[in-house]
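Here the structure is laid out as structure tokens; the discussion comes afterwards.
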Amino acid sequence: MECRYYQLLEDGKIECRLCPHHCHIADSKTGICRSRRNLGGVLVSEVYGKPCALAIDPIEKKPLYHFHPGTTCLSIACTGCNLSCQHCQNHDISQVSPADVNYYELTPEDIITLCKKHHCPGIAYTYTEPLTYIEYITDCARLAHKAGLWNILVTAGYVCQEPLKDLLPYLDAANIDLKSFSDDIYRRVSGCHLQPVLDTILAMKQAGVWVELTNLVIPGINDDMDMIRRMCHWLVSNGLADAPLHFSRFFPRYHMQDIPPTPLQTLRAAKHVAEEEGITYVYLGNV
């Protein structure tokens, strides 16, 4: 499947314009996400129609607590991610190439059929970074709306504004992983930058997408209460006081096996700070 959002360069490389990495991809190579490949001057998605994970989840697992609670969604994921989080809990499918995992072959039409068969009122694009296979989710999401189904995006939000703008009309809800409020931490821990994520949050809010936010609190990394206070102040200042904020407990994963689980008192302190700053709905996850 040919990708959207790229430009062929004079040296034969392709500049991918999907996310702020703007990968320059040589012939036969992929970008950081591992799933968008330059094949003779054409950028192709190697995961279009090839989800590696399918599940029926309660909507609260996304987590979405204020968007049709008590319902279910059909969760789908393809391999790939444009971040390199050192603590990724789904690294076995996000930090690998498509050829390294088993997958289903399902067209967008097949996804809608599955959703209806299992009486799921919505589809969640989740587990990895769905924006890296934006062509697939856009085609699924367009058909889902025609069929009266919701579209839910669970994302780190690291995307350029043009492709996001094309997807927004088909999104109903999103949980955005706001990993910290420090560009330095974003660069060291996840290999990306903070500002594009903030831009995504604001674009979704402006477009009328229901937004909830998750902040995974990692001991010694992003558990500074002054930083959490600045993050909450930014949210309130930008009209997101009523967007539910989920502080999630960290457990050792992937390349962060030497960091202990988040103490419960740290999460409670973060909740107190958020409420002091004016966040209306604050939840603790993984506790």
Flag side-chain contact, heavy atom, 4.5 Å: Leu153 against Pro130: yes
Return the set of residues passing ring-ring contact (aromatic ring centres under 6.0 Å, His included) with Tyr104 (not counting sequence neighbours), or none when no residue passes. none
Describe, in one word, how the ring planes of Tyr133 and Tyr136 are oriented to each other, choosing from parallel (under 30°), tilted (30 to 60°) and perpendicular (over 60°). tilted
Just by distance, do the side chain of Asn215 and the backbone of Leu178 share a donor-acceptor pair under 3.5 Å? yes
Locate the shortest heavy-atom distance separating Tyr103 from Pro98; write the atom from each residue and the value. CD2-O, 4.5 Å
May I ask whether Val101 and Val47 are part of the same hydrophobic cluster, defined by side-chain heavy atoms of I, L, V, M, F, W, Y residues being less than 4.5 angstrom apart, directly or through others? no
Any donor-acceptor pair under 3.5 Å from Asn238 side chain to Leu240 backbone: no
Suppose we screen for ring-ring contact (aromatic ring centres under 6.0 Å, His included). Which residues come up paired with Tyr254, at least two apart in sequence or across chains? His91
Looking at residues at least two apart in the chain, or sitting in another chain, which of them share a side chain to side chain donor-acceptor pair (under 3.5 Å) with His246? Glu212
Closest heavy-atom contact between Pro163 and Leu18? CG-O, 3.6 Å
Interatomic distance, Cys192 atom SG to His21 atom NE2 [nearest 0.5 angstrom]: 6.0 Å
Residues in ring-ring contact (aromatic ring centres under 6.0 Å, His included) with Tyr127, at least two apart? none
Residues which pass ring-ring contact (aromatic ring centres under 6.0 Å, His included) with Trp210, listed by chain and number, not counting sequence neighbours: none
Distance in Å, Asn286 CG paired with Gln89 CD, rounded so as to fall on 0.5 Å steps: 7.0 Å
Just jot down the side-chain contact (heavy atoms from CB on, under 4.5 Å) partners of Thr126, sequence neighbours excluded, or say none. Lys62, Ser75, Ala124, Val154
To the nearest 0.5 Å, atom CD of Glu276 lies from atom NZ of Lys271 at 12.0 Å
Heavy-atom side-chain contact between Ile185 and Ile221 under 4.5 Å: yes
State plainly whether one hydrophobic cluster holds both Val159 and Leu194, where clusters connect Ile, Leu, Val, Met, Phe, Trp and Tyr through side-chain heavy atoms under 4.5 angstrom apart. yes
Should we count NE2 of His22 as having more than 12 external heavy atoms under 6.0 Å? yes
Given the rule that I, L, V, M, F, W and Y join up when any side-chain heavy atoms are under 4.5 Å apart, are Tyr281 and Leu64 in one cluster? no
Taking the six-membered ring for Trp and the full ring for Phe, Tyr or His, determine whether the centres of Tyr283 and Tyr65 are under 6.0 Å apart. yes
What's the separation between atom NZ in Lys165 and atom SG in Cys160, rounded to the nearest 0.5 Å? 14.0 Å
What side-chain donor-acceptor pairs closer than 3.5 Å can you find for residues 80-88, not counting sequence neighbours?
residue, atom, partner, partner atom, Å
Asn82, ND2, Tyr158, O, 2.9
Ser84, OG, Ser190, O, 3.4
Gln86, NE2, Ser84, O, 3.1

Of all the heavy-atom pairs spanning Glu135 and Ser45, show the shortest one and how long it is. OE1-CB, 4.4 Å
Apart from Leu43 itself, residues in the same hydrophobic cluster as defined by side-chain heavy atoms under 4.5 Å: Tyr6, Leu8, Ile14, Ile25, Leu39, Val42, Val44
Evaluate the side-chain proximity of Ser97 to Thr30: yes if any heavy-atom separation is below 4.5 Å, no if none is. no
Please identify each residue that fulfils salt bridge (Lys or Arg N to Asp or Glu O under 4.0 Å) with Arg34, with sequence neighbours left out. none
Checking the side chain of Glu277 only, and the main-chain atoms of Val236 only, is there a donor and an acceptor separated by less than 3.5 Å? no
Under 4.5 Å between side-chain heavy atoms, counting indirect links through other Ile/Leu/Val/Met/Phe/Trp/Tyr residues: same cluster for Ile59 and Val211 or not? no
Dump the intermediate steps for side chain to side chain contact (heavy atoms under 4.5 Å, CB included) on His145 and Asp172, then the final yes or no. CA-CA 9 Å; His145 266 196; Asp172 299 288; 2.9 Å; yes
Listed partners of Asp139 passing side-chain contact (heavy atoms from CB on, under 4.5 Å), at least two apart: Met1, Arg4, Tyr48, Pro108, Arg142
Looking only at heavy atoms, which two atoms of Asp177 and Thr214 are closest? And how far apart? OD1-O, 3.1 Å
Donor-acceptor pairs are to be reported for all side-chain atoms of residues 259-270 against protein atoms at under 3.5 Å, with residues two or more places apart or in another chain.
residue, atom, partner, partner atom, Å
Thr262, OG1, Val217, O, 2.5
Thr262, OG1, Phe250, N, 2.8

Got Leu167 and Asn151 here, is their nearest side-chain heavy-atom distance under 4.5 Å? no
Run the side chain to side chain contact (heavy atoms under 4.5 Å, CB included) check on Ile111 and Leu143 step by step: do they pass? CA-CA 9 Å; Ile111 295 296; Leu143 291 179; over 6 Å; no
Check the pair Lys179 / Asn222 against side chain to side chain contact (heavy atoms under 4.5 Å, CB included), numbers first and verdict last. CA-CA 8 Å; Lys179 298 178 182 296; Asn222 66 343; 5.6 Å; no
Taking the side chain as C-beta and beyond, is there a heavy-atom pair between Asp110 and Thr107 under 4.5 Å? yes
Note: Cys52 and Asn102 closest approach over all heavy atoms is CB-O, 3.5 Å
More than 12 heavy atoms of other residues, nucleotides or ligands under 6.0 Å from CD of Gln206: is that the case? no
In Å, rounded to the nearest 0.5 Å, how long is the span from CG of Leu213 to CZ of Phe247? 10.0 Å
Please check this pair: side chain of Arg249 against backbone of Leu284, looking for a donor-acceptor N/O pair closer than 3.5 Å. no
List the steps, then state whether side chain to side chain contact (heavy atoms under 4.5 Å, CB included) holds for Leu168 with Met204. CA-CA 7 Å; Leu168 284 175; Met204 287 192 177; 3.8 Å; yes
Distance-only donor-acceptor hits, side chain of residues 112-121, under 3.5 Å, sequence neighbours excluded:
residue, atom, partner, partner atom, Å
Thr113, OG1, Glu109, O, 3.1

Would you say the ring centers of Phe181 and His233 fall short of 6.0 Å from each other? no
Note, Ser180 side chain near Met227 side chain (heavy atom, < 4.5 Å): yes
Asn38 side chain vs Lys29 backbone, donor-acceptor pair below 3.5 Å: no
Apply salt bridge (Lys or Arg N to Asp or Glu O under 4.0 Å) to residues Arg230 and Asp226 and explain how you reach the verdict. CA-CA 6 Å; Arg230 292 195 303 273; Asp226 287 338; 5.7 Å; no
Spacing of CD belonging to Glu60 relative to NE2 belonging to His66, to within rounding of 0.5 Å: 10.5 Å
Arg17 vs Glu15, salt bridge (Lys or Arg N to Asp or Glu O under 4.0 Å): CA-CA, chis, key distance, verdict: CA-CA 6 Å; Arg17 295 185 171 178; Glu15 179 183 340; 3.6 Å; yes
If I compare all heavy atoms of Ala144 with all of Ile123, which pair ends up nearest, and what's the gap? CB-CD1, 4.0 Å
Identify whether Val96 and Ile76 are in the same connected component of the hydrophobic contact network (ILVMFWY, side-chain heavy atoms under 4.5 Å). no
